[in-house]
Amino acid sequence: MLIRTRFAPSPTGFMHVGNLRTALYEYLTAKHDNGVFILRIEDTDQERYVEGATDIIYKTLETAGISHDEGPDVGGDYGPYIQSERKGLYKPYAEQLVKEGKAYYCFCSKERLDSLKQNAPEGAVVGYDRHCRDLSEDEIRKNLESGTPYVIRQKMPLSGESTYHDLVYGDITIPNDELDDQILIKTDGFPTYNFANVIDDHTMGITHVIRGSEYLSSTPKYNALYEAFGWDIPTYIHLPLINGKSVDDEGNVTISKLSKRHGSTGFFDLIEEGFLPEAIINYIALLGWCPAGEYENREIFTMEELIKAFDINGISKSPSVFDYDKLEWMNGEYIKNMDSESFIRNAKPFFDELDISADNYGLLEEILKPRITRFTEIPGKLAFIKEFGEFDLELFEHKKSKSSKETSVDALEAAIPILESAPWDRDKLNDLIKQLAADKEVKNSVVMWPIRIAAAGVAVTPGGCAEVLMLLGREESMKRIRTTLDRLKGSING
Ligand code: GLU
């Protein structure tokens with residue numbers, strides 16, 4: 001059987017990581033078996049329409065590397081792939097059920113339906129009382145002729161139970177009397193969401209329906225439709241909730257549905273924070289799916305590897321917790337393993353802001369790669385290049401380096417003439433500075449610490465003394481070292 005899966009987002013203008021995981025699992029399920037992955041836009045609810053939202057969906061899938069074989073933008077044999085463009089298609093299906101006695105016209109006014117609710121005991125779930133389910137032919141004809149507005153409702157079974165199988169949650173059974181006579185077509189002639197969803201899945205040949213577990217309870221209604229039409233029910237895979245973790249001041253941990261208060265939950269918000277699309281996808285793939293066999297315990301996967309390794313049986317029904325620290329770690333792994341070209345491409349916007357010359361890209365790649373877990377850390381790590389002010393001279397007092405303000409004055413005075421004429425080359429600078437320490441018969445750090453601090457003005461820099469000098473260039477380095485030396489002398493004498 002050719003597997004056909006679909007991602008059916010409603011264009012809300014925002015792609016939550018939960019939706020993205022659904023899309024990814026649908027994609028992987030199809031691709032693992034050389035199947036077809038479809039994108040369908042579910043915009044029946046025009047009131048919720050958000051301008052530009054469909055573009056965000058395309059952009060998200062593209063950036064995430066999830067490519068659809070059929071969809072509004074790429075076409076396919078089962079189109080149109082946007083529900084609002086399929087409007088005319090649904091009503092004939094509902095009419096067919098009316099003819100077969102499986103659905104009926106309901107002429108109840110809004111007032112009547114409201115009164116049902118008002119007269120019900122407080123807190124009761126009020127379904128439709130099926131008033132129009134058994135109207136006579138005559139009554140129906142009269143109502144239609146007089147143009148009374150109507151909806152089409154499905155006749156749901158009145159007794160017994162319905163059971164369906166979900167690949168993750170197992171058998172799910174509900175008593176049929178909990179099923180309301182659901183509306184298929186609204187008074188405006190358009191389908192309800194539930195009806196359109198089933199008609200679309202069937203007419204698009206969908207074999208596997210993958211969606212969030214919040215749909216578990218609606219599925220019996222969908223199945224009642226498949227049964228009424230005599231259609232094959234697709235394989236259902238409901239995905240467990242994604243939770244977030246919060247820790248209060250006292251260290252108490254609370255787990256609740258992932259929301260903004262836990263951190264960014266939108267795909268592009270995470271990208272903006274510096275997470276790489278590949279790392280986000282890799283992390284999300286493991287949120288609720290556990291690799292097995294030869295992939296057991298593995299954490300880093302390319303999309304190709306995910307396609308090979310993915311297996312529906314590895315989906316867990318216990319809710320997962322979105323762990324931002326883990327994502328951060330994974331992002332760092334992706335950065336460490338990046339080739340130079342990709343590293344520079346990702347880092348360049350940040351380098352450009354600091355006016356860093358391309359001559360230093362190689363050096364920066366080497367010193368930053370092991371030190372960052374996100375590219376957005378670069379401005380912070382390299383802030384010393386742009387910012388230099390009256391920093392605290394106590395930084396020169398550093399026991400471990402055997403450095404004090406006095407030894408620093410001495411080291412800087414000796415270093416200045418050497419640096420002034422030194423070839424501005426990392427290895428040569430390193431050699432010269434080490435030579436200076438040897439000549440003075442002190443530890444390297446006694447010279448290196450003050451030079452680096454005097455030039456950078458901060459205690460922590462990526463890379464050591466020679467790297468900082470290389471990044472600043474001779475002119476800026478000398479200017480800073482001289483200024484600092486003057487300040488140091490002043491502070492000792494004063
Ligand atoms: N349009 C629905 C949503 O965005 C999709 C539900 C489904 O996959 O059937 O939640």
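Ligands are counted one by one from 1 in listed order, and the atoms in each one are counted from 1 as well.
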Met338 and Lys369: which non-hydrogen atoms are nearest, and at how many Å?
O-NZ, 2.5 Å

With Glu70, which residues qualify under salt bridge (Lys or Arg N to Asp or Glu O under 4.0 Å), at least two apart?
Arg4

To the nearest 0.5 Å, atom CG of Leu225 lies from atom CE of Met156 at 6.5 Å

Of all residues at least two apart in sequence or in a different chain, which pass the salt bridge (Lys or Arg N to Asp or Glu O under 4.0 Å) check with Glu353?
none

On a heavy-atom basis, the closest approach of Pro9 and Ile57 is CG-CD1, 3.7 Å

Heavy atoms under 4.0 Å from ligand 1: which residues qualify?
Arg6, Ala8, Pro9, Ser10, Glu42, Tyr193, Asn197, Arg211, Tyr215

What residues form a salt bridge (Lys or Arg N to Asp or Glu O under 4.0 Å) with Asp166, not counting sequence neighbours?
none

